[in-house]
Each structure stands twice: as C-alpha cells, then as structure tokens.
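Report on the following structure.
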Amino acid sequence: MGPSFDDGTSLYNFVVRDGNGVKGMVDSGLTTRIDKESARKHEQPPIDLSRLDGPEHDEVAVEIVRAAETLGFFQVINHGVPVDLLESLKDTAHKFFGLPPEQKAVYRSEVSPTPLVKYGTSFVPEKEKALEWKDYISLQDVALEYLRTSIMMVRKLLEVLMLNLGMKLVDPKIDALIDKKMVNMNFYPTCPNLEFTVGVGRHSDMGTLTVLLQDRIGGLYVKIEEDMKYGKKGEWVEIPPTPGALVINVGDMLQVLSNKRYKSAEHRVRTTNIASRVSIPIFTIPKLTEKIAPLPHLVEKDGIAHYREFTFVDYMKNFFGNAHEGKKSLDFAKNVDSS
C-alpha cells in the first residue's frame with residue numbers, strides 16, 4: 001500500500017525533503033491530471049556542423065541562421081562532442097536517479113556539501129496547478145569534458161549568429177554572453193497517468209544558447225512563433241530524437257539582442273508511460289552584471305527597439321520569480337512602445 005498524505009506539506013516533504021522525488025511518487029503508486037495538446041514531428045534534417053570548416057561554410061551558416069529565425073530550435077550532428085561521451089552521460093543520469101532516496105537527498109539544494117552540485121525536483125505544490133513530472137541534478141563546472149567540447153561548438157554557432165547580426169567576432173560581448181555554463185541532468189519517471197502531468201510546463205530559456213542531449217524516448221515539444229514552411233503560428237511540433245545529435249535552441253538573450261530576429265520559442269516536455277526518460281541540457285548565460293538590449297544598428301534599421309535595456313541579473317530574478325505564474329519571461333523586457 002502506498003503512503004498516505006494528509007496535506008500538501010506532507011506530500012512536499014516526501015517528494016522534496018526526503019529525497020524521493022517524483023520517481024518516489026511513481027514507485028508509491030500515486031497519480032495526478034492535465035490536458036494535453038497534440039503535436040506532429042518536426043522533420044527538418046539535422047545540420048552537419050563539420051561542413052562549417054570547409055568550402056560549404058557559408059551554406060551551413062545560412063541554415064543555422066534560418067533555423068534561429070524561424071523555429072528557434074534545430075539539431076546538429078558531427079558537432080565535435082564524442083558520441084560515446086553522450087551515451088555515458090545518459091547512463092550516469094539513470095544510475096544517479098536510481099540511487100536510494102537518502103543518498104540523493106544529501107545533494108538537495110538546501111544542504112548540498114558543494115554549491116556545484118544540487119539535486120531537486122520541479123514539484124512545487126504551493127504554486128503549481130499541475131505536477132511537473134521531473135527530478136533533476138544541476139552541475140556547475142562539473143562534467144568538464146562534456147562542457148569543454150560543447151562550449152567549443154556553442155562558440156562556433158554564436159559566432160555565426162552574431163556575425164549575421166553585424167557584430168565582429170572579436171567583440172568581447174560574445175564572451176560575456178556565455179560567461180556561465182550549467183549542466184542539468186533531468187529525469188522523467190514513467191508516468192502512470194498521462195492525463196494529470198507534464199514533464200516540464202511551457203517556458204522559454206532565459207539564457208543565450210541551450211544545448212540539449214535527448215535520449216531515444218523523446219517528448220520535447222516546441223511552439224511555432226510565426227507562420228513558417230513547417231507549420232502555422234501557435235502550433236506545437238515535436239523535436240524527434242536523432243541518434244548522435246544535439247538539440248540547439250535560442251534563448252531569450254539572443255532574441256533581445258537581435259531585436260526579435262532570432263526566436264526564443266516556448267517549449268515543454270511531455271510525460272510518457274513507455275519508459276523513464278533523461279535529458280541533459282547545458283545552459284549558457286551572460287555575466288550577471290551584463291547590460292542587455294537590442295543592438296543599436298538593428299534598432300536604427302528597424303525603426304524601433306522591441307525591448308528595453310536591462311541588467312541580466314534583474315532579468316534572472318524576474319524569470320525565477322514568475323516561473324510558475326504562466327507569464328512569458330520576455331514580457332519583462334518589452335519596450336512599452338513596441339507592439
């Protein structure tokens with residue numbers, strides 16, 4: 001017989017404080033409900049980044065820019081991150097989340113012996129209308145080989161995207177935009193009742209660029225921001241897993257800098273009753289003190305600044321402060337004169 005909970009506090013303690021996570025809820029037989037929207041697969045082929053270093057550089061750069069300007073999500077292959085490293089990371093994630101609750105609880109955010117490793121769950125009963133079906137561990141300056149090779153790729157992509165906006169590659173702002181990097185290992189347990197849960201609710205990423213390693217299960221859904229060849233505005237499409245590929249998505253900071261040229265799309269994760277799922281994103285974010293605003297020459301060209309200037313730390317505080325309120329994070333930065 002599963003555990004009994006008299007109120008939200010006791011349930012919160014079981015899931016969060018005691019280290020059981022939502023995996024513990026699955027094991028205990030609890031169920032929870034949320035409506036689902038259907039989505040079709042986004043069949044755009046992955047971009048071969050090895051071609052950036054050869055005579056097809058300009059052609060590949062156009063593909064990258066087009067993807068950033070339309071859906072804001074794209075997959076890349078031959079990216080320089082060893083495929084066996086990607087597989088070992090997924091195995092490591094499954095092993096960690098399979099540990100006994102008391103061993104995982106040691107790394108809870110409030111008590112972790114190191115600020116570089118924090119274990120938690122997306123379960124926030126006092127704020128959430130529906131249960132986010134995810135446990136995670138955040139790793140800062142850890143998983144160094146994955147970080148090193150991935151950031152080399154991020155630099156190449158960012159240089160292409162910023163050059164397209166008219167920035168020089170030696171501009172110190174490029175370094176400032178990816179000043180901090182964080183690896184998350186996300187674990188989505190098999191869900192006994194898909195009607196009541198989401199893996200992660202709809203949101204955009206607050207940073208510059210995100211690199212995502214998916215497993216074979218999939219479940220990443222992206223909202224189309226503007227009518228495009230592959231769908232209409234407001235529709236949802238799934239980014240299907242591709243063996244050996246990494247998913248790249250534009251973050252809020254690039255949408256602001258580009259004055260809305262690049263799309264930081266809302267996305268979400270669906271739960272599954274097939275098998276437990278893991279995903280491993282790397283988030284790149286600017287220096288906390290960095291001032292962010294649309295590039296001046298783009299504002300001059302467009303005749304309007306769609307966003308006001310702000311300091312990244314203020315944006316980050318607002319982002320996490322409204323994480324469960326259903327608000328779009330970019331609303332914080334909108335210029336009142338912009339439609």
ask   = Are E145 and R148 ion-paired here, with the side-chain N under 4.0 Å from a carboxylate O?
value = yes
Counting distance only, does the side-chain N/O of [X] pair as donor-acceptor with the main-chain N or O of [Y] below 3.5 Å?
X	Y	value
S329	F319	no
N335	A305	yes
N259	I304	yes
H297	L165	yes
T208	L177	yes
T284	L209	yes
R308	F332	yes
Q214	V278	no
K291	T289	no
T311	V313	no

ask   = For the residue pair F73 and H267, is the inter-centroid distance of their aromatic rings smaller than 6.0 Å?
value = yes
task = Kindly determine whether E69 and K263 satisfy salt bridge (charged side-chain N to carboxylate O under 4.0 Å, His left out), including the steps that lead there.
result = CA-CA 6 Å; E69 289 179 337; K263 303 297 186 294; over 6 Å; no
request  = Please work out whether the ring planes of F187 and F97 are parallel, tilted or perpendicular, with thresholds of 30° and 60°.
outcome  = parallel
Quick check: are there more than 12 heavy atoms from other residues, nucleotides or ligands sitting under 6.0 Å from [atom1] of [X]?
X	atom1	answer
Y107	OH	no
E309	CD	yes
K287	NZ	no

query = After noting the C-alpha distance and the side-chain angles of D302 and K260, does the key distance pass the salt bridge (charged side-chain N to carboxylate O under 4.0 Å, His left out) rule?
reply = CA-CA 10 Å; D302 297 343; K260 290 181 77 171; over 6 Å; no
So do the side chains of [X] and [Y] get within less than 4.5 Å of each other, counting heavy atoms only?
X	Y	value
M185	L89	yes
I137	K118	no
I280	Y146	yes

ask   = In terms of side-chain heavy atoms, does N164 have a donor or acceptor partner in Y262 at a distance below 3.5 Å?
value = yes
Look at the side-chain heavy atoms of Ile, Leu, Val, Met, Phe, Trp and Tyr, link any pair under 4.5 Å apart, and say whether [X] and [Y] land in one connected group.
X	Y	result
L71	V62	no
M162	V65	yes
I178	L288	yes
M152	L52	no
L298	I292	yes

query = Under the 6.0 Å and 45° cation-pi test, does R108 pair with Y119?
reply = no
